[in-house]
Amino acid sequence: MGKFENSYKEKLTTAEGIASLVKTGDVCASPMCMGEPLDIINAIGDRVEKGEITNIVQNCNFVAPGKCYEKPEMFGKFDYISWFFSASTRKGGQDGRFDYMQANYNDFPRFFDMRGDIDRFFLVVSPMDEHGYFSMGAYVGEAMGIMRKAKHIYVEVNKFMPRTFGENFIHISEVEAICEKDEPIYNLQVGAPTEKDYKIGNYIADMVPDGATLQFGIGGVSGAMGEALKDKKDLGIHTEMFSDAMVDLIEMGAVTNEKKNINRRQSVSTFCFGSKKVYDYINNNPSLAMLPIEYVNDPYIIAKNDNFISVNAGLEVDFLGQVCSESIGDVPYSGSGGQFDYVKGAKMSKGGISFIAMNSTAKNDTISRIKPCLTYGAAVTTHKNEVNCIVTEYGVAQLMGKSVRERTKALINIAHPKFREELLFEAKKRNILI
Ligand code: COA
C-alpha cells in the first residue's frame, strides 16, 4: 500500500459505518450489480426499516438479487430508479414501485448530469495499488460520470474484483470512507445455446467478414456466435459487454484486434458479465481497455471501426421494422440498454451491419414475434429508419434500403411457417401487399 497506507487505515470502517452517514432525503447511486456494494445498501435499508432515515432514492442500472429495496414495504422510504430492469427488479417495475429511466446507455452520464447532484455514490472496487488507486474492475459504464456529480464517494474493497486497465481508476483522496468485503463477484449463469440459437448464430456468422469488429450481448445467440465465428480471422472487439464467448474467441485466435481503426491490439468494453472465466481473464490484462460508456457506446466512436457487426436481441418486430426489445406490450421488461447505440454505430460504420436476433415465436409457438403492428403499448427500442437485419431461426431479413412492401415480404419469409399465412392476410388487409 506504500505511502497511502495510513490514509487507507484512517478511512477504513464498516458497511454499517458508511450507512450511518446517509441522511433523510439523500439521492444515492451505485454502478450495476457486480459494482453495487450489497452490504452498504442493505445496511442503509436496515436504517430505513428502523425509521432512522427515510425518503432515500437509489439510482442503479441493473440489480443483482438480494437488495433491500426489493421489499415492497420500502416503497416511499427507500425508492429505486432503475436504468434497466433485471430479473430481481422487474416485478417492482411492473407493479409501479420502481421508476424507470428512459435512456440509451451512452446517454446515462449525460442524464445524470441533467438530474443534479448525487449525494452519495457507493461502489465496489479492487484493492488499492501502491499509488493509491482503486480500479472499478468489471464495471465502468456510467460510474465515471456519476463520480463527477457525487458529493461523497464510498468504496467497498473486494479482493475478488478484478483490476482492469483503461479509464476506470479512483484515487483514495477522492474517497470519504472504505469498507471491505471479500466475496466472489456476481456470476451470471447462462444456459447453453439452443438449436435455434445455433441456427441464428450461423446465419449471422455467414455475414461477418474477416477483420470485422464485433459487439454482442449475453444469451444463447451470443454463446452460439462464439462457436460460429471460431474460424474467422483478425476479428476485433468493441462492445459494451465483454463475455465468456469473447474470451473463447480470443483464446481460439479468431480475435486479434489487429484490423481495428481505433484501439488497435486491444479489446474495448465497459462492463464484463459472465462466469469466473471472464473475471479471471480480465484481471490485470492490458489487452482489454475498460472505458466509460460515453466513449464505448458513442455511435461516432463505434463507427470509426470499419465492418462493425453488432448483434442484439429483440422481443418483437412489426412490418415497418420497428423493434421492441424492452417491454411486453405496455408491461416493462428490461430496458433500452445500448441496443440503439450499436444499431446507429454499425449503420455509420463503413461495411457495418446491425443484427437484431429473436426466435420467430414466443410462449411455445403460440405467439409470432413478427407482427403487423407492435403490441399495444410496446416501446420502440430500434427505430424503423435505423434498423438493418432481423434474424430468426428461419433466416435473415435485411430491411435497410427496403420499402414497406419489401420489408413485409422479407419479414414474413423468416416468420414461423405456422404464422406466415395469417401475416400475409394481415399485410393484404392493410394494403401493404395487394
Ligand atoms: N410477446 C409475448 N411474450 C414474449 C414475446 C412477445 N413478443 N417475446 C418474448 N416473450 C417472452 C418469452 O417467451 C420469455 O418468456 P418466459 O421467460 O416466460 O419464457 C420472455 O418474454 C423473455 O423472452 P426472451 O426472448 O427469452 O428474452 P431474453 O431473456 O433473451 O432477452 C431481451 C431478450 C430483448 C429482453 C434482452 O436482450 C434485452 O433486454 N435487450 C434490450 C437491451 C439490449 O439490447 N442491450 C444491448 C446488449 S447488452
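Treat the numbers as computed from the prediction; the structure is a model and nothing was measured. In listed order, ligands and their atoms are each counted from 1. Atom set for the values below is all heavy atoms of this structure, side chains included, hydrogens, waters and symmetry mates excluded. Throughout, numbering of the chain's residues begins at 1 and tracks the sequence.
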For ligand 1, which atoms have a heavy atom of Ser336 less than 4.0 angstrom away?
-> 42 (C), 43 (C)
Ring pair (Phe, Tyr, Trp, His ring centres under 6.0 Å) involving Phe242 - partner list, sequence neighbours excluded = Tyr281
Contact atoms of ligand 1, heavy-atom distance to Phe84 under 4.0 Å = 39 (O), 42 (C)
Starting from atom 32 (C) of ligand 1, which protein heavy atom do you reach first, and at what distance in Å?
-> Ser325 O, 4.0 Å
How about Asp79 and Gln58: does a side-chain donor come under 3.5 Å of a side-chain acceptor?
-> no
Heavy atom under 4.0 Å from ligand 1: found in Cys324's side chain, backbone, both, or neither?
-> neither
Mark up the atoms of ligand 1 that fall under 4.0 Å of a heavy atom belonging to Glu316, in ascending order.
-> 7 (N)
Are Arg420 and Tyr394 in a cation-pi setup, meaning NZ or CZ lies under 6.0 angstrom from the ring centre and within 45 degrees of the ring axis?
-> yes
Proximity of Tyr105 to ligand 1 by residue part, where a heavy atom lies under 4.0 Å = neither
Please say whether Gly217 places an N or O atom under 3.5 Å from an N or O atom belonging to ligand 1.
-> no
Mind checking whether Ile328 contacts ligand 1 via backbone (N, CA, C, O), side chain (CB onward), both or neither, at a 4.0 Å heavy-atom cut-off?
-> side chain
Indicate whether any N or O donor in one side chain lies under 3.5 Å from an N or O acceptor in the other, for Ser135 and Asn168.
-> yes
Taking heavy atoms and a distance under 4.0 Å, where does Glu240 meet ligand 1: side chain, backbone, both or neither?
-> side chain
Under the salt bridge (Lys or Arg N to Asp or Glu O under 4.0 Å) rule, what pairs show up with a residue in residues 292-307, not counting sequence neighbours?
-> Arg148-Glu294
Is there at least one pair of N or O atoms, one from Arg369 and one from ligand 1, spaced under 3.5 Å apart?
-> yes
